[in-house]
Amino acid sequence: MGKKSVIPFGPQHPVLPEPIHLDLVVEDEVVEEAIPNIGFIHRGLEGLAEKKDFNEMVYVAERTCGICSFGHGMGYCEAVEKLMNVEVPERAKYLRTIWMEFSRMHSHLLWLGLTADAFGFESLFYECWRIREWVLDIMEKTTGGRIIFSVNQVGGVHRDLDEDQIRFMKGELDRIERDLKNCEKTLFEDATVQKRTRGIGVLSKQQIHDLGAVGPFARASGLKYDMRMTGYEAYGNLDFEPVISDEGDCYARILVRTKEIYQSIRLIRQALDQMPAGELSVPVKGMPKGEAMVRVEQPRGEAVYYVNGENTRFLNRFRIRTPTFANLPGLCQMLQGANYADVGILVVSIDPCISCTER
Amino acid sequence: MANVKRSPWILHYDGSSCNGCDIEVLASMTPVYDAERLGVENTGDPMQADIFLITGGINSQNASVVKQLYDQMPRPKVVVAVGICACTGGVFKDAYNILGGADTVIPVDIYVPGCAARPQSIIDGIIRARDLFQKRSEEHDALMKKKNLERRQA
């Protein structure tokens, strides 16, 4: 029996650019308990709903998180539209779906890079980020922004895609798919990746269900749980199945997220082919009154948006339940009994987005 | 480039940003934008860093962390505020938990605006920081030389 000691992890830590603080109770290199402490990035974003007009609030909602920025804007708009009984035009629904899937691709590629960096595979990190830059180029050429592109508005979208842009998107998707196939060999078969991820942080399907985990983290343990199956926006018209894996370790999480990038590519192709012509937005009349709740599948999992209005320009209450918040109990469960050297990869494996969590 | 004598290391800390500027800071280090060609390197250790890149505003909980990181860095040092939140508080200026930009707790030398700041402007900020760092290092060296000389004479 060794002596117990407490090792602080974060808030400034090389493995993760975001501040999260964990107190790790360690005995002989084995983590006995992990006590999370969050609140370093709390801004009080939800409180701004009382100070900003509900149309203006879209821009604040998009800045909940810079990685899944489009999804947060979309979730907020959907909630307000539901509250005000606004039916979004078909073309706007498809455009939202397309940009949402591009956001998912860029988020997953970013995560693959950070995971490779977490176990010291620097060239794989650079390779993933090189592919990610193409996704960002597509976003920049079609919306004007690289990561935060405010194209959502209550009642539709601001921008349209023309023929040239659609052709450009399709060409770039082929290029991304080809390069990702190359990268995939290393991700799935390389001995270094396997050594650091196989059998690390295993959670069973039952455990994942009991801990209330969501998103790719839950799907990697075999839980078939994807909000896109509820058919919001244009997802109801597209043909897809959630990607799942049964192993429930860090390797399965890499597998699921990589396959989801291919799934996003397929979804975008389908949506581009099916997209009908028509209006981009409908005028919104009146003020929000009552309450509404929507659920949206973000790159990290299910996010819940709640809005409450009292017939004024300002919302009474705006609330987001973010996916990382739901995944934190799963992380603490994984860390119990883990090796100290694996803490970095385990923390990264839930794809933590602390900015979302603390808002 | 020929007059570059030093290769400053960068410490990056996410104050209370939305992640947008953080991933752009990381993107500007990766091969597509490649800020590392300027001789800088990203490090996780404040004790070895010369340039402090801070993103996001200051809130009551991270104020002490930012101050501590700044104090741990050896002199001479340069602080770059990346993104509008680190400059002034940005879109979150009215939020109840934001005290203001990075300059509410530490002295900031270079302000890089943008929401999110683009890699090109971040690289521009790094170049200016590098030049300022070189100037400060020379001043620091001259001062140390003078002090050593005085000590020897005394």
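Chain naming here is simple, since letters A, B, ... match the order of the sequence lines and numbering starts at 1 in each.
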*Asks:* Given the options B/S60, B/S16, B/G15, which has more heavy-atom pairs under 4.5 Å with chain A than any of the others?
*Replies:* B/S16

*Asks:* Checking heavy atoms, do the side chain of A/H106, its backbone, both or neither come under 4.5 Å from chain B?
*Replies:* side chain

*Asks:* Quick check for you: among A/E46, A/E133, A/E50, which has the greatest number of heavy-atom pairs under 4.5 Å with chain B?
*Replies:* A/E133

*Asks:* Between B/Y70 and B/K77, is there a cation-pi geometry (under 6.0 Å to ring centre, at most 45° from the normal)?
*Replies:* yes

*Asks:* Just so I know, are the side chains of A/V348 and A/W111 near enough to count as touching, which here means a heavy-atom distance under 4.5 Å?
*Replies:* yes

*Asks:* If I measure from the heavy atoms of chain A, does B/C85 come under 4.5 Å with its side chain, its backbone, both, or neither?
*Replies:* neither

*Asks:* Give the member of B/L11, B/T30, B/L69, B/V65 that has the highest number of heavy-atom pairs under 4.5 Å with chain A.
*Replies:* B/T30

*Asks:* Quick one: list whatever passes side-chain contact (heavy atoms from CB on, under 4.5 Å) with B/E139, sequence neighbours left out.
*Replies:* B/K135

*Asks:* Run the numbers on B/D14 and B/S17 for side-chain hydrogen bond (donor to acceptor under 3.5 Å, both in side chains), then give the verdict.
*Replies:* CA-CA 6 Å; B/D14 173 359; B/S17 87; 3.2 Å; yes

*Asks:* For A/N37, which atoms come within 4.5 Å of any heavy atom of chain B: side chain, backbone, both, or neither?
*Replies:* side chain

*Asks:* Any luck finding a side-chain donor-acceptor pair between A/E260 and A/H108 under 3.5 Å?
*Replies:* yes

*Asks:* Could you check whether any side-chain heavy atom of A/D351 comes within less than 4.5 Å of a side-chain heavy atom of A/F217, counting everything from C-beta outward?
*Replies:* no

*Asks:* Which region of A/E122, side chain (C-beta onward) or backbone (N, CA, C, O), has a non-hydrogen atom less than 4.5 Å from a non-hydrogen atom of chain B, or is it both or neither?
*Replies:* neither

*Asks:* If the plane angle is over 60° it's perpendicular, under 30° parallel, otherwise tilted; pick one for B/Y13 and B/F52.
*Replies:* tilted

*Asks:* Find the one option among B/C21, B/G56, B/A116, B/A27 whose heavy-atom pairs under 4.5 Å with chain A are most numerous.
*Replies:* B/A27

*Asks:* Indicate yes or no: at least one non-hydrogen side-chain atom of A/H72 is less than 4.5 angstrom from one of A/Q298.
*Replies:* yes

*Asks:* Who in residues 352-359 of chain A is close to chain B, using a strict under-4.5 Å heavy-atom cut-off?
*Replies:* A/C353, A/S355

*Asks:* For A/S69, is it the side chain, the backbone, both or neither that has a heavy atom under 4.5 Å from a heavy atom of chain B?
*Replies:* neither

*Asks:* Would a distance-only check, ignoring hydrogens and angles, find a side-chain to backbone donor-acceptor pair under 3.5 Å from A/S107 to A/R104?
*Replies:* no

*Asks:* Based on non-hydrogen pairs under 4.5 Å, which of B/D22, B/D94, B/I58 is most in contact with chain A?
*Replies:* B/D94

*Asks:* Do A/H21 and A/D23 meet the criterion of a side-chain donor-acceptor pair at a distance under 3.5 Å?
*Replies:* yes

*Asks:* For residues A/Y340 and A/D342, is any side-chain donor paired with an opposing acceptor at under 3.5 Å?
*Replies:* no

